[in-house]
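Values below: all heavy atoms of this structure, side chains included; hydrogens, waters and symmetry mates excluded. Quick caveat: nothing in here was measured; it's all calculated off a predicted structure.
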Amino acid sequence: MPELRQSIAQHYHERTKYDPQTIASKSKRLDWAKQPVPFKEYKIGSSFDLKPYIEEKLEDFTNNPEAQWWQRLSRLLFCSYGLTAKMPSMGSAVYLRAAPSAGGLYPAEVYVVSRGTQLLPPGLYNYQCRTHSLMHYWESDVWQALQKACFWHPALENTQLAILITAVFYRSAWRYEDRAYRRIFLDTGHLLGNIELASAVCDYRPHLIGGFVDETVNELLYIDRQQEGAIAVVALADLLDIKQNLPTWRTALPSATETNYPEIPDGELLKYFHQATEIQAGTTGKLNLPEVKQEKSLEDKYNFPFCQKISTTTTPISWGEKLEDLEVTIFKRRSTRAYNGDYLTFDQLKVLLDFTYQPQHYIDQNLDISPDYFDLNLIETFIAVSGIEGLEAGCYYYAPKAQELRQIRFKNFRRELHFLCLGQDLGRDAAAILFHTADLKAAVAQYGDRVYRYLHMDAGHLGQRLNLAAIRLGLGVSGIGGFFDDQVNEVLGIPADEAVLYVTTLGKPR
């Protein structure tokens with residue numbers, strides 16, 4: 001019996017792997033004349049300036065509910081995707097944002113949809129991060145069309161605002177070509193991590209929606225699907241307005257699984273794959289059933305019989321009164337450019353893991369006990385330890401439910417990690433490197449090819465929590481989206497079924 005053909009998601013993943021034998025022949029020089037602009041401009045529309053509200057302190061608006069409302073929305077958008085630094089580069093300035101992006105290319109665009117509040121008229125708004133303003137470019141009510149496109153998701157029934165995130169594909173593809181699709185969704189995961197935590201600071205509760213009719217949402221936003229595509233919807237519940245918890249529903253919905261795809265030339269794979277993962281209009285059946293996510297397994301996936309088990313329980317990070325330290329940390333976050341090779345302590349690693357994977361430990365600080373992911377059950381974490389005091393060098397599986405590390409390889413991998421991370425010194429000099437992985441074949445069986453989006457956004461979301469925890473502890477941190485895929489599994493002993501999604505390096509900054 002012939003083996004079934006790989007789905008388009010598996011095909012895309014195989015096609016975009018980096019391999020030591022072929023990477024040199026595939027790399028092309030950047031065409032600086034065609035460098036994309038990472039901002040959208042609108043020739044018509046009315047602008048709502050958010051700067052005055054970010055410059056004042058909360059107590060300055062004590063007796064002004066309208067100004068308080070604007071300040072909360074202003075802070076939320078600024079903490080999520082606002083400009084936090086300006087750096088010179090190649091003759092023009094590069095603006096850094098609150099969320100990290102591979103190569104500083106920022107493929108994501110942030111839109112706000114208003115149902116129509118006393119202060120924000122109904123319609124569509126684009127967040128203009130350069131001027132920290134909202135551009136109101138469509139003034140008609142589109143809320144019901146959004147609800148329909150999201151299969152009447154219950155979180156949209158009682159909320160007045162939603163954030164829609166799109167990707168402008170060429171911004172990332174200009175540098176990373178077809179592999180850019182991975183980075184686009186990792187970047188969006190960083191942004192979702194910021195939205196989640198900034199919402200806690202500003203008294204919102206974001207409800208993540210990954211299942212929607214793509215074509216309808218794209219048309220609703222008036223975007224060209226060849227250039228830009230909707231990739232996430234976030235219903236924004238105002239906790240000062242909605243007192244009870246909104247009903248939960250499935251965050252992720254399945255798409256079709258495509259195995260009957262043609263020969264796709266290099267350079268066209270990204271767009272073909274994206275359109276293959278769309279949920280089509282007229283989809284019926286189980287998508288319309290308000291199923292709650294399946295109960296998560298009580299056991300971690302890997303329980304290797306030969307492993308010693310090392311507890312990672314620890315004291316949670318304190319984020320200060322009213323989470324002020326969290327807001328400051330979001331603004332301070334920078335990707336580390338180089339490490340000095342010094343050791344971190346095991347206590348520091350435990351705190352990083354605790355904040356990233358154990359949100360229930362932060363309920364006392366009013367950080368949401370259950371942040372929205374698409375399906376964390378699909379993501380696994382392996383850690384290559386090179387320089388952690390009190391922890392033997394080697395590769396470990398992190399079991400989040402048991403809150404323990406399980407060692408699977410016994411070796412200092414610094415030299416190999418330098419190679420695996422494409423010769424980047426960050427790989428060699430880091431004290432520890434986290435690898436997020438997923439069994440892609442099993443994930444596709446559950447959610448169809450669209451799961452590729454979900455996996456990378458969840459990995460990026462976890463990565464952003466790691467970023468912020470590391471900055472809070474005064475450590476260096478940097479994500480890496482480029483690595484020799486298959487060699488990571490071989491060298492570190494990660495099971496072959498696990499596709500590597502994302503790499504996060506940790507260490508002492510030089």
Kindly write out the residues that satisfy salt bridge (charged side-chain N to carboxylate O under 4.0 Å, His left out) with [X], not counting sequence neighbours, or none if the list is empty.
| X | value |
| --- | --- |
| Arg465 | Glu196 |
| Asp141 | none |
| Lys28 | Glu177 |
| Lys148 | none |

Using the side chain to side chain contact (heavy atoms under 4.5 Å, CB included) criterion, which residues pair with Leu240? Sequence neighbours excluded.
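Arg72, Asp203, Asp238.
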Taking side chain to side chain contact (heavy atoms under 4.5 Å, CB included) as the test, write out the residues that go with Ile23, two or more places apart.
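By the side chain to side chain contact (heavy atoms under 4.5 Å, CB included) rule, Ile23 matches Tyr18, Leu422, Phe484.
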Which residues pass the ring-ring contact (aromatic ring centres under 6.0 Å, His included) test with His132, not counting sequence neighbours?
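His132 satisfies ring-ring contact (aromatic ring centres under 6.0 Å, His included) with Phe78, Tyr127 once adjacent residues are dropped.
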Restricting to ring-ring contact (aromatic ring centres under 6.0 Å, His included), what partner residues turn up for Tyr106, sequence neighbours left out?
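None.
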Between Trp138 and Tyr42, is the ring centre distance below 6.0 Å?
no
Tyr222-Tyr137 aromatic ring centre distance below 6.0 Å
no
Is there any salt bridge (Lys or Arg N to Asp or Glu O under 4.0 Å) pair reaching into residues 226-237, and which pairs are they, with sequence neighbours excluded?
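Qualifying pairs: Lys40-Glu228.
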Summary of salt bridge (Lys or Arg N to Asp or Glu O under 4.0 Å) pairs that have at least one residue in residues 254-274, sequence neighbours excluded
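The answer is Arg15-Asp266.
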With a cut-off of 3.5 Å and sequence neighbours excluded, list every side-chain donor-acceptor pair involving residues 466-475.
{"unit_1": "Asn467", "atom_1": "ND2", "unit_2": "Gly463", "atom_2": "O", "d": "3.4"}
{"unit_1": "Asn467", "atom_1": "ND2", "unit_2": "Gln464", "atom_2": "OE1", "d": "2.8"}
{"unit_1": "Arg472", "atom_1": "NE", "unit_2": "Ser318", "atom_2": "O", "d": "3.2"}
{"unit_1": "Arg472", "atom_1": "NH2", "unit_2": "Ser318", "atom_2": "O", "d": "2.8"}
{"unit_1": "Arg472", "atom_1": "NH2", "unit_2": "Asp325", "atom_2": "OD2", "d": "3.2"}

Check whether [X] reaches the backbone of [Y] with its side chain - one donor and one acceptor, N or O, closer than 3.5 Å.
| X | Y | value |
| --- | --- | --- |
| Asp187 | Ala102 | yes |
| Arg333 | Ala98 | yes |
| Asp449 | Val444 | no |

Those residues at least two apart in sequence (or on a different chain) that pass side chain to side chain donor-acceptor pair (under 3.5 Å) with Gln358 are Gln360, Tyr398
Tell me whether the guanidinium CZ or amine NZ of Arg97 lies under 6.0 angstrom from the six-membered ring centre of Tyr81 and within 45° of its axis.
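Geometry flag: set, cation within 6.0 Å and 45°.
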Looking at Phe212, does the NZ or CZ of Arg450 lie under 6.0 angstrom from its six-membered ring centre and within 45 degrees of the ring axis?
yes
Distance-only polar pair, side chains of Ser7 and Gln10, donor-acceptor under 3.5 Å
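On atom types as modelled, these side chains qualify, holding a pair under 3.5 Å.
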Quick one: do the Asp458 and Tyr502 side chains pair a donor with an acceptor below 3.5 Å?
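No - no donor-acceptor pair under 3.5 Å links their side chains.
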What's the separation between atom CD1 in Ile317 and atom CG in Asp354, rounded to the nearest 0.5 Å?
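Reported to 0.5 Å precision, the distance equals 7.5 Å.
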Start with the C-alpha gap between Tyr272 and Tyr261, add the side-chain angles, then the distance that decides, and say whether ring-ring contact (aromatic ring centres under 6.0 Å, His included) holds.
CA-CA 9 Å; Tyr272 185 94; Tyr261 43 88; 7.2 Å; no
